[in-house]
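Working notes for the structure below.
Worth knowing before you read on, the calculation uses all heavy atoms, side chains too, and leaves out hydrogens, waters and symmetry mates. So you know, we letter chains A, B, ... as the sequences are listed, proteins then strands, and number each from 1.
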Amino acid sequence: ERRERSRRRKGKAEHETSGHEGNKRERDQTRANKNEEKIESGDQLKEKEKALGVKKKKKRRKKVVETSSEPETSEDGDDEEEVNNDGEVRPELLSPEELEKLKEAVDEKKKLIQSLRGKPWPMKQKLVTLRESQLFVEKYEGALGKGKGRKLYAYKVMMTKKWMKFQRDFENFKIACIPWEMKIKEIESHFGSSVASYFIFLRWMYGINMILFSLTFGLVMVPEALMGRAYGSIPRKTVPRAEEAGAMDFAVLWDFGGYAQYSVLFYGYYNNQRAIGWFKFRMPLSYFLVGVGTVAYSYMVVIRTMARNANESGIGDDNSFNFSWKMFTSWDYLIGNPETADNKFASITTSFKEAILEEQESRKDDNIHLTRFLRVLANFLVLCCLAGSGYLIYFVVRRSQKFALDGLENHTWWERNEVNMVMSLLGMFCPMLFDVISTLENYHPRVALQWQLGRIFALFLGNLYTFIIALMDAINLKRKEEKVVKYNITMWEATLYNGTGSENSTAPPITIHPADVPRGPCWETMVGQEFVRLIISDTMTTYITLLIGDFLRAVLVRFLNHCWCWDLEAGFPSYSEFDVSGNVLGLIFNQGMIWMGAFYAPCLPALNLLRLHVSMYLQCWAVMCCNVPQERVFKASGSNNFYMAMLLVILFLSTLPAIYTIVTIPPSFDCGPFSGKNRMFDVIQETLESDFPAWFSKVFSYASNPGLVLPFILLMVLAIYYLQSTSKSYKEANVELKKKLQMVIQRLDNF
Amino acid sequence: MDYTNEPDCKLPLALIVDMPELKENPFRNRIVESFSEDGMGNLSFNEFVDMFSVLSEMAPRELKAIYAFKIYDYNVDNYLCKEDLEKTLNKLTKEELTPEEVELVCEKAIEEADLDGDNKLSYTDFENMISRAPDFLSTFHIRI
């Protein structure tokens, strides 16, 4: 490139000083490389330049002689000459139409520069065209500004160019910053794109959690820690005297009790003071808005990704190009490992043989009744499993509530953590059970995978909702307790004042250490703690299954193979394959739990970030070390939007309980940023009344009038219906056009 | 091969197809040949960059389709005729299919994609078929 540039510069200099021989070489070269398109646009260009040239020629007598003396050289070369010889184009000399034409030419060149990347020309040609177009644009753009405004125009042009350069550098920098790119590339070349898609999904989740973490950390945890009242200053921020003895024990901290409970990690620590710090940071408002904002951001990101995926995949009709697609798109160009390549060859061959078989014989299910009966039986078994697991969780949660009433110290570790362990174990073993049952059904592998995913989804959903229902019971219990405690506190305060004297208003406030004040129950912190414990136990279970199920298994197979009766590597148990769908589902449900609990435990996004970070490294290592590439490789690409759709459903379902609790249950009177209010969203009302000018709250109250909201909702429903019907008509028009295209091509051929 | 003194030097085919990214690809020879100016597979630096740019994630779909057509066109006649398809299929399955099966698959493929009825796939036919393929962008991709 540098060579070309210097050659051009030399050529120009030569030309300007002496004749045009120096340029001829270049002209020949560029002529040889030009495409028809370029010559076309060059033609139009020539016309405009000729128009300019007419005016210019009057000034340069010498040039007239030269240009007229070489009629046989290509006109493009002529143009170059004129361009290269050009000093300045005086805008005053050009009439407005010519100015317009010049502007058009410049715009065309700019468009050419933009679209150059997508053209299938060889690189050399592209570079040359680019260089020429840039020179042309540079030359004439500055000249386009009229007389006085010229300097401003040139300045604007320069700034635009600098901005584009900055954007490009920034893009490069952004791409260089993408984490874990080399790791994913290695996995891709070993295992193919479907396994790598899980890790890309994990990285995307990590990005979302990073944003959620920065929101909760920066706007909720840090302000309270820095500007709120310190630990130990008020009762809700202090460990009660009764618990103080064991507050620092590891077992208590692991359970998120003790000092961990009375910290910014949980809802209960936050004070309900309206504005804290020297710049009046509205803590309760910020807490509420961050909670709403995390959900809104997640919706936005998921829906935007879904839309982008839908655009790329297009409205494909699945079966019309079966063999062609198998032939042209089945080889994964990312594969760089011989073993994987062998597997891929084998699976492509198998897939072709299957397709041929399907094509040759008409699929006659001879035992159609047997198949149907088996499928019904399989579904029945699956339903039994689901019902059983739901009941088991309910039973276990009930039991743990009984234990809690008895006092947790009397029970073993298992009894205390029963709920979490049971949920995690169910999540681990039931999918395997479903896998075994699905062999009864005898479906095509892709269909079987979808059934499997659907069943695991139902399992997780059922478990989660049973868990939530049990949690609601616990919340109601705590609220009943609240009433009792309120009563007790008034009694206790009465005795305190009575003890020191019977003056009411002039009695000096008695200083009692905050740890001794009787405390009200805090159901929000309890909910937060439950979620945190669930996530921790889920994480531990995943890692332990990974280590045992994958790593230990691989070690055993490898080293016991010498002294075992049958070939461990080929038969049972052999090395494990990477279970893409199971892992993706696990990730999605994990995220659902984060969304559910983030309002009550602001530490959850931080915890999740840590967990995802560790998972990335651990799973990358495990996949490379203990797994083998899958034997049956089929299209997982259609599943991309399927996973996004599941994420969206989970997002919706997990924000429902949180919204329900915010809207219906009054906050605890003794803890959290909303204590003392009737409902949590009252903080918005309060802010509107006190912080905004009076007319604002009036406008808001008009806007939230049901008379206005209902017609708005109706309008949106109508808009959805309209858009749906237009999209349907577009699809039909598409099909019609396709048919027409085929007819037209046939007719053309007949000529 | 001294790049600084003669920047126009070309790398031979044998060296390029030994790259880890291309080593296992059954179409590696065709890929390099379709980006080389002389058709023999010797790439200059610009052509090398061009090749990986087209095969990267950011290249537009139409560009990839154009080059995919060139790659699968073994006899370089601007049509994917039956022989081209047969060669592609044999490379893909490492010749594990019987000749009758190969015949059947190629016939079916032409039947599906051929719009103008000339028993071979022109670029329009190929582009029409590949633009609907959901996997094309993700499989026709080399990360470097």
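Within a 6.0 Å radius of CD in A:Q114, other residues, nucleotides and ligands contribute 12 heavy atoms or fewer. Residue B:M40 qualifies as open at atom CE: its count of foreign heavy atoms under 6.0 Å is 12 or below. Enclosure of atom OH in B:Y79 is not indicated, since only 12 or fewer non-hydrogen atoms of other residues, nucleotides or ligands lie within 6.0 angstrom.
For the pair B:S53 and B:S56, the tightest heavy-atom approach, listed with the atom from each and the gap, is O-OG, 3.0 Å.
The greatest number of non-hydrogen atom pairs below 4.5 Å with chain A, out of B:L22, B:I142, B:N25, B:L115, is found for B:N25. The candidate from B:H141, B:K94, B:E21, B:M129 with the greatest count of non-hydrogen atom pairs under 4.5 Å with chain A is B:M129. The residue among B:I66, B:L89, B:V105, B:T88 with the most heavy atom pairs within less than 4.5 Å of chain A is B:V105. By number of non-hydrogen pairs under 4.5 angstrom with chain B, the leading residue of A:E181, A:M182, A:K126 is A:E181. Ranked by non-hydrogen atom pairs under 4.5 Å with chain A, the options B:P60, B:A109, B:P26, B:A59 are led by B:P26.
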Chi angles and distances behind the side-chain contact (heavy atoms from CB on, under 4.5 Å) call for B:R61, B:F136: CA-CA 9 Å; B:R61 195 187 200 112; B:F136 178 59; 4.1 Å; yes

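In summary, the aromatic rings of A:F328 and B:F126 are positioned with their centroids under 6.0 Å apart.
Looking at B:A113, the atoms closer than 4.5 Å to chain A (heavy atoms on both sides) sit in the backbone and in the side chain alike. Only the backbone of A:N337 comes within contact range of chain B, with heavy atoms under 4.5 Å apart. Of the two parts of A:F352, only the side chain, counted from C-beta on, holds a non-hydrogen atom closer than 4.5 Å to a non-hydrogen atom of chain B. Using a 4.5 Å cut-off between heavy atoms, B:F35 makes no contact with chain A at all. For chain A, the nearby part of B:Y72 is the side chain; its heavy atoms alone come within less than 4.5 Å. Looking at A:P120, the atoms closer than 4.5 Å to chain B (heavy atoms on both sides) sit in the backbone and in the side chain alike. Residue contact with chain A, scored on non-hydrogen atoms closer than 4.5 Å, involves the backbone and the side chain of B:L92 alike. Only the backbone of B:P20 comes within less than 4.5 Å of a heavy atom in chain A; its side chain stays farther off. If you measure heavy-atom distances from B:E62 to chain A, you find no contacts under 4.5 Å at all. For chain A, no part of B:K64 is nearby; none of its heavy atoms comes within less than 4.5 Å. Both the backbone and the side chain of B:L85 come within contact range of chain A, with heavy atoms under 4.5 Å apart.
Looking at heavy atoms from C-beta onward, A:C620 lies in side-chain contact with A:F199 at the 4.5 angstrom threshold. In this structure, B:I31 and A:Y333 have side chains that are in contact, with non-hydrogen atoms separated by less than 4.5 Å.
Side chains of B:E112 and A:S324: a donor on one and an acceptor on the other come within 3.5 Å.
The NZ atom of B:K91 lies 9.5 Å from the CZ atom of A:F345; values are rounded to the nearest 0.5 Å.
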